[in-house]
Amino acid sequence: YSPVQNVKQSCFLLFLAMFSTFLFHYFISRTDVVSVTPWLAPIVWEGTFNPTLLDAVYYKKNISIAATVFAVGKYVMFLRNFLETLDQHFFAGFRVHVYVFTDQPKEVPKVKMAAGRELIVQPVPSSNRWQEISARRMEIIQKLIEEKIQNKVDYIFCLDVDSKFHDRWGTESLGGLVAVIHPGYYKNDRSKFPYERRTSSRAYVAPDEGDFYYCGGAFGGLIPEVLQLAKTCRKNFEDDAKEGIEAAWQEESHLNRYMWINKPSKVLSPEYLWQDFKQREAEIRTIRFSGVVKNYNDIRPN
Ligand SMILES: *[C@@H]1O[C@H](CO)[C@@H](O)[C@H](O)[C@H]1NC(C)=O
């Protein structure tokens, strides 16, 4: 027995304790929110990741990211704010291709993007029903991937235009299949989720099914994964339509069904699609992207 040995041992144990505390706070610094799903996918909240480290990892891979946005009818009014804030906060420093689908290409504001980033305007027909505009989104995303970006881009995010960025949305959000938890339901039990509840619909989710209620206004991931999602949701939507069924929340309902069967490999917290009319909650340390307050009567054609 040697007293020196004992001191050495104590010092080592003390060091070990301090180091693990440091690690814990550095990597899992949020204890007020759930930061992993039961199938072990990360749930991204401010304070659960190191942005500098993540950017360095992906910068070496020279990745590029596509973003799609639909601006049909009066929704073009949201484009300027959306595009200007996107350029500032969405994957800053990375190669980004923004695809704007619109029935009024001339009305798209000429927003100057940072170096290495481009804005591409794609004409689409107008529609008299906003449900139909929403319905054709999956078909258009499928075609965009198959015909234009399959071999050119690594990741894609499909975003709602009536929203804007306020803070970083970057490499922490990358994953195979990525979904955003809806800000309206993240504190609710799944019995309250507005899933499609008629068994006749292909978007049906049973009362004992469903993990989270996800937003239709933002989703993404690797190109092949999002292609599979778009194809499946489009087919289910169209097969429902042939039988005269329109799911409760259109493509959002189909997306939720898809995400129940095909678990997302990364889940983004409601920081990634807040709603401006909602009061901020204590666990929301930052709002990265949010839906702007709008009057539906002013912008929807029906
Ligand atoms: C990154 O990829 C782009 C497009 O393929 C290419 O033009 C560019 O040279 C690449 N950059 C590096 C540093 O490899």
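Start at 1 and go down the list; that is how both ligands and their atoms are numbered.
Within the listing of ligand 1, atoms 1 (C), 2 (O), 3 (C), 8 (C), 10 (C), 11 (N), 12 (C), 14 (O) sit less than 4.0 angstrom from a heavy atom of N62.
For NZ of K263, the number of neighbouring non-hydrogen atoms (other residues, nucleotides, ligands) closer than 6.0 Å is greater than 12. Heavy-atom neighbours of K152 NZ from other residues, nucleotides or ligands within 6.0 Å: above the threshold of 12. Enclosure of atom NZ in K112 is not indicated, since only 12 or fewer non-hydrogen atoms of other residues, nucleotides or ligands lie within 6.0 angstrom.
Using 4.0 Å as the threshold, R95 has a heavy atom nearer than that to some atom of ligand 1.
The distance between the ring centers of Y272 and W169 falls below 6.0 angstrom.
Atom 14 (O) of ligand 1 is flagged as protein-proximal [any protein heavy atom, distance under 4.0 Å]. For atom 9 (O) of ligand 1, the nearest protein heavy atom is 4.0 Å or more away.
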